[in-house]
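Order of the sequence lines fixes the chain letters, A, B, ..., with proteins taken first and strands second; residue numbering starts at 1 for each chain. Because the structure is predicted, anything quoted here is derived from the model rather than measured.
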Amino acid sequence: MDYLDSLNEPQREAVVNTEGPCMVIAGAGSGKTRVLTYRIAHLIRAKGVDPFSILALTFTNKAAAEMRNRIESVVGLEAKNLWMGTFHSTFARILRYESDRLGYPANFSIYDTDDSKTLIRQIIKGLKLDDKVYKPNVVLNRISGAKNRLISWQDYINNPIFQAEDEGAMKPQMGKIYKIYCERCFKASAMDFDDLLFNTNVLFRDNPDILNKYQHRFKYVLVDEFQDTNLSQYLITKKLSAVNQNVCVVGDDAQSIYAFRGADIKNILNFEKDYPDLKVVKLEQNYRSTKVIVNAANSVIINNTRQLKKDVWTANEDGDLIELLKSNSDNEEGKLVAASIFEEKLNHQIKNIQIAVLYRTNSQSRAIEEALRRANIKYKIVGGLSFYQRREIKDLLAYLRFVVNQNDEQALRRIINLPKRGIGTGSVDKIIVAANDNGLTIWQVVSDIFRFLPGRITNAIDQFAFMIKSFMVVIQKKDAYEAASYIAKQSGLLRALYEDKTIEGLSRYENVQGLLNAIKEFVDNDENEDKSLGTFLQEVALLTSVDQDKDEDNDKVTLMTIHMAKGLEFKNIYLVGMEEDLFPSQMMLSSRADLEEERRLFYVAITRAERKLFLSYAISRYRFGRLKSCEPSRFLEEIDSNYIKVNRKFRKDPETHSQTLHYAKSLVSGVKKTIPKAINNNFTHKPSSDFKPSDTSNLEQGMKVEHLKFGFGKVVNIDIEGANRKAKVLFDNFGEKTLLLSFAKLKIYT
DNA sequence: GCGTAACCTGTTTTT
DNA sequence: CAGGTTACGC
């Protein structure tokens, strides 16, 4: 097998050991996707496994698409029969086949987060509760959290612990909202994202014959980014592979960044307990980045307490030191980044496509965008307000959804008065009340309005119902594309947009055309056997972005959030907004676990870089529409300062460089490690109440100091390199740290 | 029921 | 700042 030759020893082990449970702990840049790809290729090629019986699960559509491509390039067209997709899309498909077992129709709708939130808002209103106490966001998160841990509304209501928690949070009605939410979703023949996984668990639990069918079908189960699985996903994986036990999970606990969505590192830690004869392979050699980057990342992640032991190292060159960019404002930050990109391209022959700008929040993209535009640097934004979240797209999709599933209450609400036909929210509420009072579905009321709600508004509603009925006929006869075009025209949606001659109106019109094109592509794609509108909707509901970048010129700088960047790599990375309260986000400061997740996110960001990393922070930034001053992120202090070059005016100082080299070598060869180890697990030092940072310009060896986070310590050494003064301090509880005095907040005691 | 205008509120990350 | 929501006049 020629492809095996290109693998290192642990990689090969992970590829070749196809039988039995296997866990691959893969450090950043260690060839994780490569292993997964080759393992599947090996199964098909060397072991003669039918691709039909292999199931590969990922978290994002992007990852699934990329892996499919890579496998196809190794095994060719055979890869077509492989089941590969996100957890959500894979099990949505299975639920569609088996929906009758759950009492759902096969054409159930999938509610996106907006639909869920709107429904919850309605329920809260219906219960006459204050939506400032019961914030829809918070309520949805709570419900989502329960579902991800497989806690049904019945379990929830019967559990006094949850009741007590909710009462403590002044939200005693939470269980009731959860219950009504589930009932309303069921009545609407709709599942939200979490239901897709929750209901798969229910399906397998209550229908042994079905579970058995899939257990025997999927002889080999592979899971990528296993650190991001929640309990619900974990149990599905476990159940599916219970018979054959051929389950292979690949992940990196240091890159677990989706705990907010219910991901649980415990799944990795527990895996060994669940499979006593588990084969564990560690991939520790990084092929992606320079020594500076790998070691800097290591020096950061070491601050986390909960992690699997792992030594990520690289044989690559030392590389350039990490550069810090300091600016006065977010706009200036953009300019500085643009200028640096320009310079890098000039001096190092780097292309736009090899550069990415990463940020914590989507809103940070604006300033960067503007600067790049002015500097004439081509860029593209990944993520953000996705195509399918735009209003006009959701409007047309709601039409299509309703024509496919007349129980879809949220879709109905969206389209019944769109374009305006004189049916206000009052009438809609009446319809829903009438439906509930008579034990009818909303569609039964709407389609027979004269009988159930005689009154003024009946004509408009009757016309609407008539139109929908005609659409229902159309989708029986035509393919998805023809049906959708017909509906877009006949509903008046397209005309309303066409008549809007503003710039936004124009782009909305184009977007709707874009959606229709996407449907056309779906129909024309021979890989899709089922070309019905229902199938299209099912798939599209789980899509966040679309390959809309049809632009010939794809040499563009990439702008995206750190989350979106996971799994990707770029020659140069610009990580912007390195400020307290932004990164780490102020929402994540309340607990150690949250802060550790932010730190892992930082780790992910650093390790995206192949050759050069830039960290940027601004002293002030517009937030909430007001200019606010910011402090440099605590994470900047956590990077071993040997890897940082502070002032760009001071070019490489030979001494610094050789020190770095020496240090890096000592790391790789496993000689004595000088990385300051965190000795104490205390979250942070509690600073003295009168803590005020002192002026450190006169700091000297031997002085006793207090640090905001590390507590008390003694200065061991002062280093001056160019403009930067560094202090090596031995802290009582945190060991030795090298601090850059331009950042570190120290109070001098002696 | 509709449109406009003041108003308020809140920005984490994604399937 | 921007999006969504409410209050009001038509």
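- Distance K117(A) NZ to dG3(C) P: 15 Å, rounded to the nearest Å.
- Neither OP1 nor OP2 of dG4(C) sits under 4.0 Å from any side-chain N or O of R121(A).
- We find that R599(A) and E638(A) are joined by a salt bridge, their nearest charged nitrogen and carboxylate oxygen being less than 4.0 Å apart.
- Residue T535(A) forms a side chain to side chain contact (heavy atoms under 4.5 Å, CB included) with just one option from D530(A), N107(A), V404(A), and that option is D530(A).
- Residue contacts shown for N417(A) are limited to sugar-phosphate atoms, with no base heavy atom under 4.0 Å away.
- dT15(B) atom C1' lies 13 Å from atom CG of D114(A), rounded to whole Å.
- For the pair I416(A) CD1 and dG1(B) C1', the interatomic distance rounds to 14 Å; values are reported in whole Å.
- For K135(A), counting side-chain heavy atoms from C-beta on, the closest listed nucleotide (dT14(B), dG10(B), dT15(B)) is dG10(B).
- Under 3.5 Å, the side chain of R360(A) and the base of dT13(B) form at least one donor-acceptor pair of N or O atoms.
- The separation between L582(A) atom CG and dT12(B) atom C1' is 10 Å, rounded to whole Å.
- Neither OP1 nor OP2 of dT15(B) sits under 4.0 Å from any side-chain N or O of N230(A).
- To the nearest angstrom, C1' of dG4(C) lies 15 Å from CD of Q389(A).
- Taking every side-chain heavy atom of H563(A) into account, dT14(B) is the closest of dT15(B), dT14(B), dA2(C).
- Atom pair D130(A):CG and dC8(B):P shows a separation of 15 Å (rounding to whole Å applied).
- Among dT12(B), dC2(B), dT15(B), the nucleotide with an atom closest to any side-chain atom of K420(A) is dC2(B).
- DNA chain B is contacted by both E598(A) and S427(A); S427(A) maps to the nucleotide lying nearer its 5′ end (nearest heavy atom per residue).
- Mapping I423(A) and L601(A) onto DNA chain B by nearest heavy atom places I423(A) at the nucleotide closer to the 5' end.
- Using a cut-off of 4.0 Å between Lys/Arg side-chain N and Asp/Glu carboxylate O, K394(A) and D114(A) are scored as salt-bridged.
- One finds a salt bridge joining D395(A) and R414(A) here, because a Lys/Arg side-chain nitrogen approaches an Asp/Glu carboxylate oxygen to under 4.0 Å.
- If you check every strand for non-hydrogen atoms under 4.0 Å, Y622(A) touches nothing.
- Using a 4.0 Å heavy-atom criterion, one finds that T60(A) contacts the sugar-phosphate atoms exclusively.
- Regarding contacts with the backbone of dT13(B), a side-chain N or O of N362(A) is found under 4.0 angstrom from either OP1 or OP2.
- OP1 and OP2 of dT13(B) both lie 4.0 Å or more from every side-chain N or O belonging to S585(A).
- Side-chain contact check for V337(A) versus F614(A): every heavy-atom pair is 4.5 Å or farther apart.
- Atom OH of Y111(A) is separated from atom C1' of dT14(B) by 21 Å (rounded to the nearest Å).
- Put simply, T561(A) has a side-chain N or O that comes within less than 4.0 Å of OP1 or OP2 on dT14(B).
- You cannot call Y258(A) stacked on the base of dT13(B); the centres under 5.5 Å and planes under 30° rule is not satisfied.
- Side-chain contact check for V139(A) versus I123(A): every heavy-atom pair is 4.5 Å or farther apart.
- Regarding K628(A), its NZ atom lies at a distance of 16 Å from the P atom of dC1(C), rounded to whole Å.
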